[in-house]
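Some notes on the structure that comes next.
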Amino acid sequence: MSLTVEGENGTDGAEADVGDDPEKLSKTIKALQDQLKRLQSNLPEEFISEEKPDSPLGLKVQKELKISGQIGNPGQKDKLSFVSLIHQIEGAIKKGYSEREVVAAVVKAVTPGLQLRNYLEGRSDLSPILRRLLRAHFQEKSSTELYQELCNIAQGPRETAQSFLLRCLALKERILFASKEEDAEFKYESSLVEAMFMHSVSTGLADADIRQEMKPRLLHGKLSDEELFEKLNQVVYREMERKKKMQQKHHFVTPVEVKDEPGASGSAEKKKEKKEGNSLYEEVQLLKLQVAEIHQALTSGWQNPTPQLRQRGCSKCQQANKGDTCKHCYKCGKFGHFARGCRQTGNEQGSPLRDEGR
């Protein structure tokens with residue numbers, strides 16, 4: 001076994017045959033370590049890892065930044081949200097990635113075919129405005145709108161108490177996150193948001209029993225998010241157990257028929273109730289029979305009478321079959337006036353209009 005070790009000036013070296021001698025092997029390894037230290041001293045500081053080296057030579061190896069997930073249209077459930085994307089961007093900056101690498105990773109994460117990707121690929125100065133562009137693309141609400149939404153939040157008809165609490169927690173974090181933005185119009189303090197969160201949860205729960213039991217813990221107790229979630233789970237499980245027991249109680253309680261002894265006072269009352277029930281049943285049946293008879297009479301025997309039209313002309317002209325050409329009064333049979341102005345009807349003034357008798 002032979003190893004080549006360079007000299008101190010890095011130009012000359014000699015090949016050492018270590019064989020199986022442990023002492024020669026240890027000296028050779030020490031010489032190689034000294035040679036590695038001299039090489040590292042000539043490298044820039046940014047290429048030397050201060051922590052545990054990622055490569056055998058001690059160089060800082062940094063992988064290409066990739067965003068976990070894809071950026072799609074706003075509201076898509078299988079795509080990244082604005083808050084998740086910003087968390088990944090901030091985490092990448094803390095790991096030492098440059099702004100140029102972050103921008104390139106964000107552009108690659110946009111779903112191909114979206115207008116946002118076409119726009120980002122066409123610009124070269126995205127570093128200072130990338131965050132604002134992403135907020136506008138996701139149509140993210142301002143801190144004021146999110147705070148107002150927290151004030152009016154309530155549990156949905158098909159939403160569990162645990163899901164409602166998670167929705168409130170997520171909304172609270174979004175308000176705090178939006179308040180930290182540089183261009184935020186209003187910056188809400190964490191104590192104010194926390195107080196409103198507790199109030200919204202205590203008034204937004206749908207179940208009155210759960211709301212009543214959680215209210216003192218929300219308004220007077222300082223609980224963390226995980227403790228609050230655990231307490232809500234306990235209250236919900238106890239309430240479910242109580243309702244289940246009550247349902248079982250009503251299910252197993254069945255009426256028991258008690259047989260009275262002959263001559264007891266209860267037998268007379270039962271006979272009386274039975275008799276009243278029979279008479280009521282007979283009365284109902286009689287009413288049904290009467291209704292059926294009325295319905296049959298209305299549907300079969302009823303005939304709509306057709307109105308009979310009065311024949312034209314006076315009685316003499318009608319007998320002579322000249323009613324259509326009659327010019328007499330239809331009432332008295334004389335010339336000079338009409339039936340509407342006939343004095344026999346009590347109308348003294350008369351009427352110049354001809355009454356057709358219709």
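- Heavy atoms from other residues, nucleotides or ligands lying under 6.0 Å from CD of E121 number more than 12.
- Of all heavy-atom pairs between F177 and E90, the closest is CE1-OE2, 4.4 Å.
- K231 places none of its side-chain heavy atoms less than 4.5 Å from the side chain of V235.
- A donor-acceptor pair under 3.5 Å links the side-chain atoms of S143 to the main chain of F186, judged by distance alone.
- For the pair L218 and F197, the minimum side-chain heavy-atom distance is 4.5 Å or more.
- Taking CG of N118 as the reference point, atom CD of Q115 lies at 5.5 Å (rounded to 0.5 Å).
- In plain terms, the two heavy atoms of S190 and L176 that are nearest each other are CA-CD2, 3.8 Å.
- Contact record, T111 with G72: OG1-CA, 3.9 Å, taken as the closest heavy-atom pair.
- Counting only distance, with no hydrogens or angles, the side chain of R217 and the backbone of E213 share a donor-acceptor pair below 3.5 Å.
- The number of heavy atoms from other shown groups lying within 6.0 Å of NZ (K30) does not exceed 12.
- Checked by atom type and distance alone, the side chain of S179 pairs as donor or acceptor with a backbone atom of Y188 at under 3.5 Å.
- The structure places CZ of F229 at 11.5 Å from CD of E226, a figure rounded to the nearest 0.5 Å.
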F82 and I71: CA distance, side-chain angles, deciding distance, side chain to side chain contact (heavy atoms under 4.5 Å, CB included) verdict: CA-CA 9 Å; F82 174 74; I71 302 173; over 6 Å; no
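- A donor-acceptor pair under 3.5 Å is absent between the side-chain atoms of Q88 and the main chain of I67, judged by distance alone.
- Between the side chain of H137 and the backbone N or O of P74 there is no donor-acceptor pair closer than 3.5 Å.
- When all heavy atoms of E140 and V83 are compared, the closest pair comes out as OE2-CG2, 4.4 Å.
- A donor-acceptor pair under 3.5 Å is formed between the side chain of S202 and the backbone N or O of H199.
- More than 12 heavy-atom neighbours from other residues, nucleotides or ligands sit within 6.0 angstrom of CD on Q290.
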Mind running side-chain hydrogen bond (donor to acceptor under 3.5 Å, both in side chains) on S81 and S84 for me, showing each step along the way? CA-CA 5 Å; S81 64; S84 176; 4.7 Å; no
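- Note that OG1 of T160 is 8.0 Å distant from CG of L166, once rounded to the nearest 0.5 Å.
- Of the options L80, L85, I129, a side-chain contact (heavy atoms from CB on, under 4.5 Å) to L134 is made by L85 and by none of the others.
- Between M198 and L223, the closest heavy-atom pair is CE-O, 4.0 Å.
- Under the 4.5 Å side-chain criterion, counting only non-hydrogen atoms from C-beta, L169 is not in contact with V201.
- No donor-acceptor distance shorter than 3.5 angstrom exists from the side chain of R117 to the backbone of A109, with no hydrogens or angles considered.
- To the nearest 0.5 Å, the span separating NZ on K108 from CG on L120 amounts to 14.0 Å.
- Between E241 and the choices K244, R238, K245, the salt bridge (Lys or Arg N to Asp or Glu O under 4.0 Å) rule is met once, by K245.
- Here the side chain of Q155 pairs a donor or acceptor atom with the backbone of E159 at under 3.5 angstrom.
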Applying side chain to side chain contact (heavy atoms under 4.5 Å, CB included), run through R242 and D209 and close with a yes or a no. CA-CA 11 Å; R242 186 187 70 83; D209 297 328; 3.2 Å; yes
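- Between I89 and R131, the closest side-chain pair of non-hydrogen atoms is not below 4.5 Å.
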Just do the side chain to side chain contact (heavy atoms under 4.5 Å, CB included) check on L146 and E149 with the steps written out, would you? CA-CA 5 Å; L146 294 173; E149 185 177 347; 4.1 Å; yes
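- Taking both residues in full, the closest heavy atoms of Y97 and V102 are given as CB-CG2, 4.3 Å, listed atom of the first, atom of the second, then distance.
- If you chain together hydrophobic residues whose side chains sit under 4.5 Å apart, L232 and Y237 fall into the same group.
- Using modelled atom types, no side-chain atom of K79 and backbone atom of Q70 make a donor-acceptor pair closer than 3.5 Å.
- Rounding to the nearest 0.5 Å places CD of Q139 at 9.0 Å from CG of N73.
- By the neighbour-count criterion of 12 heavy atoms within 6.0 Å, atom CD of E283 is sparsely surrounded, having that number or fewer from other residues, nucleotides or ligands.
- Between S200 atom OG and R167 atom CZ the span is 10.5 Å, to the nearest 0.5 Å.
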Would you check, one step at a time, whether the test side chain to side chain contact (heavy atoms under 4.5 Å, CB included) holds for L165 with Q162? CA-CA 5 Å; L165 179 60; Q162 292 90 336; 5.7 Å; no
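- The number of heavy atoms from other shown groups lying within 6.0 Å of CD (Q212) does not exceed 12.
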